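Structure record follows, encoded as structure tokens.
FYI, side chains are in, hydrogens and waters are out, and symmetry mates aren't considered; it's all heavy atoms of this structure. Remember, it's a predicted structure, so these values are computed and weren't measured experimentally.
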Amino acid sequence: MPEPWWRAGPQEVHRIEDRVSSLYAERCHIDRDDNAVVLVNKARVVHIPAAWLAVLLIGPGSRITHGAVTLLADSGTSLCWVGEHGVRLYASGHGTARGSQLQLRQAWLVTRPKERVAVARRMYGMRFPGEDTSGLTLQQLRGREGTRVRRLYVQHSERTCVPWIKRDYKPGDAFAAGDDVNRLLSAANSALYGICHAVITGIGASPALGFVHTGSALSFVLDVADLYKAEFTIPLAFDLAAKGLTSERDARTALRDAVVHGKLLPRVVADIKGLLVPEGGPLLEEDLGGLWNDAGGIVSSGRNWGSDPFGPDNHLDVIPDPGGSTAP
């Protein structure tokens, strides 16, 4: 059965790396007007082209119509329902991906200790360019990463003349903890998580299957976001504090601008694919929609398999398994 005319395919929407990174909305009514999302409050009405958004962060006091959700889903825009200041993610909707090949590859890697360690080591290696980290254990890499981050805090404190004591974070209420720099870090990091979450779901990977982090529905989001904090959120928090810009909105809008100017979205897409498929193998974006076959490959769906599949009038139609094609 063909797709309905109104449902967009993976080649019919703007690529995730070409979109505006994120938009945060709170205390407003979110509706649809043709192909635009409409944000309405007592002060004004704002129209936003749905296909240009990577992720819409929906904050407290907001309500959204079924029509708006349908438009955003068909435009490949991820939806994230977040807490006040955007520091907690409660639920999310899917992005542009229609196929499962990248997620199958990710699951294959994360369930095999040797391959999982290799991906984790590549992640740490990205934070130490030009250094050979192949002989270090994960424990040693974690220690070096902790030292690197502490040194970054001190360097940016000296650069901006903003006092720094330590990272202070309160789970569940992050923006209420610590001094101005800590609160700005929490707000900027939460926005970065939303952006990474949108990219991960948008290209068809799983937010939950992490390699360094584990045990959370957002483990891979945390993995990916950690690759960019040293370049984006840490210096941004100190710069804003030095200017006296200490609200969570200041952090969120400044990060959004930095993401655009730094062209982060295409980097995240390339980095994720480089981590999961370092050999650069092809990954189909189409939805094969088949049935798994224990003898290998995938058999076609949408047919009645009640008769003998090997009979004279019913041959076994086997499609190559996309998960197996990328996993040696």
Are any non-hydrogen side-chain atoms of [X] and [Y] less than 4.5 angstrom apart?
| X | Y | value |
| --- | --- | --- |
| Leu72 | Val37 | yes |
| Thr160 | Asp239 | yes |
| Asp271 | Met126 | yes |
| Phe211 | Leu276 | yes |
| Ser206 | Phe220 | no |
| Arg63 | Cys28 | no |
| Leu192 | Leu264 | yes |
| Leu152 | Gln155 | yes |

task: Examine distances only and state if a side-chain atom of Ser75 and a backbone atom of Thr77 form a donor-acceptor pair shorter than 3.5 Å.
output: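 Pair absent, no side-chain N/O of Ser75 close to backbone of Thr77.
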
Rounded to the nearest 0.5 Å, what separates atom [atom1] in [X] from atom [atom2] in [Y]?
| X | Y | atom1 | atom2 | answer |
| --- | --- | --- | --- | --- |
| Ile30 | Asn41 | CD1 | CG | 11.0 Å |
| Leu209 | Arg116 | CG | CZ | 8.5 Å |
| Ile48 | Asn35 | CD1 | CG | 14.0 Å |
| Ile64 | Leu56 | CD1 | CG | 6.0 Å |
| Arg127 | Arg144 | CZ | CZ | 12.0 Å |
| Phe238 | Thr233 | CZ | OG1 | 10.5 Å |

- prompt: Taking 4.0 angstrom as the limit, do Asp250 and Lys243 come out as a salt bridge?
  reply: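 Looking at Asp250 and Lys243, the cut-off is not met.
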
Salt bridge present between Arg148 and Glu145 (N-O < 4.0 angstrom):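 A salt bridge links Arg148 with Glu145.
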
Ile165 atom CD1, neighbour heavy-atom count above 12 within 6.0 Å: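 Counting other residues, nucleotides and ligands, CD1 of Ile165 stays at 12 neighbours or fewer.
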
Stepwise side chain to side chain donor-acceptor pair (under 3.5 Å) check, Asp33 with His47: CA-CA 8 Å; Asp33 182 10; His47 287 69; 3.2 Å; yes

task: Applying side chain to side chain donor-acceptor pair (under 3.5 Å), run through Arg167 and Asn182 and close with a yes or a no.
output: CA-CA 6 Å; Arg167 180 71 172 110; Asn182 271 287; 3.0 Å; yes

field: Leu218/Tyr193 under side chain to side chain contact (heavy atoms under 4.5 Å, CB included): CA gap, chis, key distance, verdict
entry: CA-CA 9 Å; Leu218 300 175; Tyr193 296 148; over 6 Å; no

query: Quick one: does NZ or CZ of Arg267 land under 6.0 Å from the six-membered ring centre of Tyr228, within 45 degrees of the ring axis?
result: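 Arg267 over Tyr228 ring: no.
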
